[in-house]
Amino acid sequence: ENVIKPYVEQTRKTLGKPSQKALLIWDDFSAHNAPRVVHLLPNLGICTVDIPKNLTHLLSPLDLTVNKKLKAFEQDACASYVSRNLADHIQRNSNVGDFKLDIRLSVLKPLHASTLRKSFEFFKSVEGKKLISSGWRTSGITDAVARCKDGGIDSR
């Protein structure tokens, strides 16, 4: 309630649609069915659609486009970290066999935070927004919403 409600209210205010219903599309993760969440969403004017098990790769807008890009950001950051550390080790020591990668959380957390910031900035860009929109189109949601607006689907 302390996160969802302020976010929804601010988004509606920003869009100039204070009473606009919202659509939440999620998978079958068990935490989604927490009684407190299930009760809160309708009270906030949020309709939910559950994506059946083993179908998110076909129907979830995030799985179709965004997650792939996020994984690429993470993989690039990880590869850079390992490469940089290995190169530093080789410069100091010719024996590659005794290379040890520092994987302490105190080292990896800032790297991960930096990667998330870069990802966030990308998704705020024109290119990132286009990628997000393409997930909605690919999943068929954009067309379904358009048909609802045109009266072709009962949107209740």
Side-chain angles (χ1 to χ4, degrees), residues 1-84 101-156:
E1 189 171 353
N2 295 333
V3 175
I4 297 171
K5 184 177 181 182
Y7 174 78
V8 170
E9 289 172 351
Q10 180 60 44
T11 301
R12 287 177 176 145
K13 183 179 176 183
T14 300
L15 295 173
K17 299 184 178 221
S19 60
Q20 177 69 47
K21 284 192 174 185
L23 174 64
L24 175 62
I25 302 167
W26 56 14
D27 60 17
D28 67 340
F29 181 56
S30 60
H32 296 163
N33 294 314
R36 194 166 159 206
V37 173
V38 170
H39 177 73
L40 176 65
L41 296 177
N43 293 336
L44 295 174
I46 300 173
C47 305
T48 62
V49 174
D50 298 333
I51 296 176
K53 208 177 235 182
N54 300 320
L55 291 178
T56 57
H57 69 288
L58 298 173
L59 301 173
S60 170
L62 293 178
D63 282 13
L64 290 165
T65 55
V66 173
N67 290 353
K68 182 177 180 180
K69 187 68 172 176
L70 281 172
K71 287 178 186 177
F73 276 116
E74 290 289 339
Q75 289 169 343
D76 289 349
C78 184
S80 294
Y81 175 70
V82 172
S83 299
R84 189 173 54 251
L101 186 64
D102 190 349
I103 57 169
R104 292 174 296 155
L105 284 179
S106 60
V107 173
L108 296 181
K109 278 185 177 182
L111 175 66
H112 181 64
S114 174
T115 303
L116 287 176
R117 269 194 310 276
K118 288 177 187 171
S119 301
F120 180 72
E121 291 303 318
F122 170 78
F123 287 113
K124 285 183 5 182
S125 73
V126 172
E127 183 182 355
K129 289 176 181 179
K130 285 181 182 177
L131 184 66
I132 292 168
S133 295
S134 73
W136 290 90
R137 281 190 308 279
T138 303
S139 68
I141 294 170
T142 302
D143 289 340
V145 169
R147 286 194 308 272
C148 283
K149 288 181 178 178
D150 293 341
I153 297 176
D154 183 2
S155 59
R156 287 177 281 149

**OP:** Keeping to residues at least two apart or across chains, list the ring pair (Phe, Tyr, Trp, His ring centres under 6.0 Å) pairs with something in residues 62-83.
**Re:** F73-F122
Subject >> Summary of side chain to side chain donor-acceptor pair (under 3.5 Å) pairs that have at least one residue in residues 4-13, sequence neighbours excluded >> reply: Q10-T14
Subject >> Pairwise salt bridge (Lys or Arg N to Asp or Glu O under 4.0 Å) hits with a residue in residues 69-83, at least two apart >> reply: none
Original post:
Tell me the salt bridge (Lys or Arg N to Asp or Glu O under 4.0 Å) pairs involving residues 121-134, sequence neighbours left out?
Top reply: E121-K124
Subject >> Inter-residue atom distance I46.CD1 - Q20.CD, 0.5 Å rounding >> reply: 11.5 Å
Original post:
Just wondering, more than 12 heavy atoms not from N54 lying within 6.0 Å of its CG?
Top reply: no
Original post:
Does the side-chain contact (heavy atoms from CB on, under 4.5 Å) test come out yes or no for V38 and T48, once each step is laid out?
Top reply: CA-CA 9 Å; V38 170; T48 62; over 6 Å; no
Quiz: residues 101-110 side-chain donor-acceptor pairs under 3.5 angstrom, not counting sequence neighbours:
residue : atom : partner : partner atom : Å
D102    : OD1  : R104    : N            : 3.2
D102    : OD1  : R104    : NE           : 2.8
D102    : OD2  : R104    : NE           : 3.2
D102    : OD2  : R104    : NH2          : 2.5

Donor-acceptor contacts under 3.5 Å from residues 56-67 side chains, at least two apart:
residue : atom : partner : partner atom : Å
T56     : OG1  : D63     : OD2          : 2.8
S60     : OG   : L62     : N            : 3.4
S60     : OG   : D63     : N            : 3.4
D63     : OD1  : N67     : ND2          : 2.7
T65     : OG1  : P61     : O            : 3.2
T65     : OG1  : L131    : O            : 3.3

Subject >> Rounded distance (nearest 0.5 Å) linking atom CH2 of W26 with atom CD1 of I51 >> reply: 11.5 Å
**OP:** Nearest 0.5 Å please: distance from the CD1 atom of I141 over to the CD1 atom of I25.
**Re:** 3.0 Å
